[in-house]
S.K.: 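Handing you this structure, nothing more for now.
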Amino acid sequence: MRKGMPNKTLLLILTSFILILFVTSSCVVKLPSIEKGLVTYNIDTNELTISWSSNLSSIHFNVYVFKKTGEKKLLGSTSATTLSVKDFYGKDFWEAEKFGVCAIVNGKESQTKYINKEDVSIASLNVPLTSSTMYTLFIRSFYDTNNDGVGDYNGVAQKVDYLKTLGVDTVWFLPFNKAKSYHGYDVEDYYDVEPDYGTYAQLENMIKTLNQNGIRVVMDLVVNHTSDTHSWFLDAVENTTNSKYWSYYIMTLENRDGWNHWHWKINSKGQKVYYFGLFDSSMPDLNFDNPQVMNEIKRIIDFWITVGVDGFRLDAPKHYKGWDWDDGISGSAAIAREIESYIRSKLGNDAIVVGEVYDGNPSVLSQFAPMPAFNFTFMYGITGNHEGKDNLLGETISWVNGASYYLNVKHFPFIDNHDLNRWISILIDQKYSGNTQVGTKQYILTNALLLSLNGMPVIYYGNEIGLRGWKWGQDPWDLPVREPMQWYASQSGAGQTWWTKPVYQQKGITFGNANVDGAMYDDPNDGVSVEEQMNGYTINNFFKQFITLRKTYPALSKGSITIERDWKNLYVIKRVYGNQEVLVLINLDPTWPNNYTLPGGYRWVWYAFFNGSLFEFGNKNESPLSQDTNWTVNPRQVYVFVKD
């Protein structure tokens, strides 16, 4: 180098030399190679894994996600040829367009190798059905972790051991979409979560925690209607026929005054917009004559499958079509079947799908096959005949045994839900005039019958402790049957929800000290709490034991069903799975005994004796019967026998 060479010239030569080195080295660099099948996303564990091949060594790679919005985000850097990204939530995956990997060569990034999201392999945890028992959970009332009185996603995750101990393997959540009302059945945004319960990340962590502990998650799919505060509806009202969403709803500018279930709103232009809403003026019906509505519903399903749910409960599918409560059923059933078919095309035939067809008529329920339905026929049969009647089971479950139901879970029998007076309150307060012990006996007996059935029996949260509740015929309407889960004898403690208390105070409701403890029908130290039912012959221990029977003996949870006896004072249910047989003998009658001949080879494994002054239940470990035996089933008794 010549003395006195200008610094500018030196800098130019050095820069050129570095550039030549980079170009030369780049010419021999094999860029990262990504093949299909080497990128997987687990929707249950929220883990993204990207693998690639490269001839480079001792070098780093950058991995990016490119969002639909155009945003580019670094997921991580590594010297390996695999990157696993934990806590990559389903919402993040939904918003992604593609992923990319590039090598760092001489401090510079190589060209990026891309893989589209559609080429990513989707994985999920294998969450088998064990007890085939579903638990209905209202997050708002369950367990609170931030001391605001409202149950939350973290609270459910924190109580996963409680659900495992109870034995349920499926949880159906009342709506957790962002909604207008406390109950969630007027959705404001199908792609957002209810902020009262927490964040997206907390919801997805809840799903992950449940799945990893062997519990499936079923989402409430509320698509018969939206809220009147949903952005679609607001746009349609304001812009009428110029709105993209005008035909998402059943709307008109023509006068509909006096028409049943028609309502109106006035927009900023002074136009009176009429719309159809079967349930309420705050719940405008979606228009299933518009194909775009079904396309939107399928997109919603895709989104929540990506978030990690394992199935769906269809809200009000009986009313997708029609102009009144019992109108348009066949058209509604066709739409429900299309939705069910789409869900199974995504999740497989093992998916949990159930329709809330609010009707006790078997001819109505069976129209929705092969989609299983909640068995309202059974619910009406039991609640109308709490001490039994002849042909009770034949009338209430025979319709689900047809060939049109090709899945093991053909129906979802239940007694309680969020729209009904709590069954134990009916029994104690109404049927047995305040006699708690007799009402509790009959409550356990009828639930033993429920849990002996095929399909997937459903337990409403609080059933397992005998939580009380009556609907009101005025404000606050159904809220008293959705009150806080009671964890403690004192009705206070870590996690105890109390969101109802300020509601009752605001409404001036003092009934049952509701303004003090937030519960109309439960009082401190009344025996109705998890803490008070840990030991002894409690409702909680009954549910634990009988659900354990369903897990221990697969015939009871998965087996075919035969009704051997269907009499007022003797129900005999036979369940068969492989070489295993289970016989359940139940006498709901308080007065008359009956007899049944048990075949040899069966052994006695569980009982409940509530006849007379007896109140006991538990496991038995008897030797198999050596011969056919005439067995007496006394009033209010249950026997479970197994033959392997």
S.K.: Quick one: are the ring centres of Tyr275 and Tyr249 less than 6.0 Å apart?
M.R.: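 Ring-ring flag for Tyr275/Tyr249: false, centres at least 6.0 Å apart.
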S.K.: Identify the residue among Asp186, Thr229, Asp228, Thr226 that makes a side-chain hydrogen bond (donor to acceptor under 3.5 Å, both in side chains) with Lys180.
M.R.: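 Checked Asp186, Thr229, Asp228, Thr226 against Lys180; only one passes side-chain hydrogen bond (donor to acceptor under 3.5 Å, both in side chains): Asp228.
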S.K.: Would you please say whether a donor-acceptor pair under 3.5 Å links the side chains of His225 and Asp285?
M.R.: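 No - no donor-acceptor pair under 3.5 Å links their side chains.
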S.K.: If the condition is side-chain contact (heavy atoms from CB on, under 4.5 Å), which residues does Ser332 pass it with, not counting sequence neighbours?
M.R.: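 For Ser332 the side-chain contact (heavy atoms from CB on, under 4.5 Å) partners, ignoring immediate neighbours, are Tyr320, Lys321.
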S.K.: Answer yes or no: is there an ion pair linking Lys68 with Glu95, defined by an N-O contact shorter than 4.0 Å?
M.R.: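 The answer is no: the pair does not qualify as a salt bridge.
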S.K.: Under 4.0 Å between a Lys/Arg side-chain N and an Asp/Glu carboxylate O for Lys471 and Asp478?
M.R.: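 Salt bridge flag = yes for Asp478 with Lys471.
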S.K.: Is Asp196 salt-bridged to Arg140, cutoff N-O under 4.0 Å?
M.R.: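 Counted as a salt bridge, because a side-chain N and a carboxylate O are separated by less than 4.0 Å.
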S.K.: Sequence neighbours left out, what passes side chain to side chain donor-acceptor pair (under 3.5 Å) with Trp487? Give chain and number order.
M.R.: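 Expected list: none.
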S.K.: With sequence neighbours excluded, tell me which residues meet side chain to side chain donor-acceptor pair (under 3.5 Å) with Lys244.
M.R.: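 Partners of Lys244 by the side chain to side chain donor-acceptor pair (under 3.5 Å) criterion come out as none, since no residue qualifies.
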S.K.: Lys501: which residues meet the side-chain contact (heavy atoms from CB on, under 4.5 Å) condition with it, sequence neighbours left out?
M.R.: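 Counting only residues at least two positions away or on another chain, Lys501 forms a side-chain contact (heavy atoms from CB on, under 4.5 Å) with Gln505.
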S.K.: Less than 4.0 Å between a side-chain N and a carboxylate O, is that true for Asp161 and Lys159?
M.R.: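 Looking at Asp161 together with Lys159, the answer is no, because their closest N to O distance does not fall below 4.0 Å.
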S.K.: Look at Glu238 together with Lys269 and state whether they make a salt bridge at an N to O cut-off of under 4.0 Å.
M.R.: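 Yes, this pair counts.
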S.K.: Excluding sequence neighbours, so at least two apart, what forms side-chain contact (heavy atoms from CB on, under 4.5 Å) with Thr145?
M.R.: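 With neighbours one apart ignored, the set is Tyr143, Asp152, Asn154, Gln158.
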S.K.: Using a strict threshold of under 4.0 Å (side-chain N to carboxylate O), is an ion pair present between Glu97 and Lys67?
M.R.: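 Judged by the 4.0 Å cut-off on N to carboxylate O distance, Lys67 and Glu97 do not form a salt bridge.
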S.K.: Under a 4.0 Å threshold between the charged nitrogen and the carboxylate oxygen, would Asp44 count as salt-bridged to Arg216?
M.R.: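 Result for this pair is no, no salt bridge flagged.
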S.K.: Under the salt bridge (Lys or Arg N to Asp or Glu O under 4.0 Å) rule, what do Asp475 and Lys507 come out as? Steps first, then yes or no, please.
M.R.: CA-CA 8 Å; Asp475 193 15; Lys507 296 178 183 296; 2.9 Å; yes
S.K.: Regarding Lys298 and Glu296, does a basic nitrogen lie under 4.0 Å from an acidic carboxylate oxygen?
M.R.: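 Between Glu296 and Lys298 there is no salt bridge, as every charged N stays at least 4.0 Å from the carboxylate O atoms.
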S.K.: Who are the side chain to side chain donor-acceptor pair (under 3.5 Å) partners of Lys208, not counting sequence neighbours?
M.R.: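 Listed in chain order: nothing, the list is empty.
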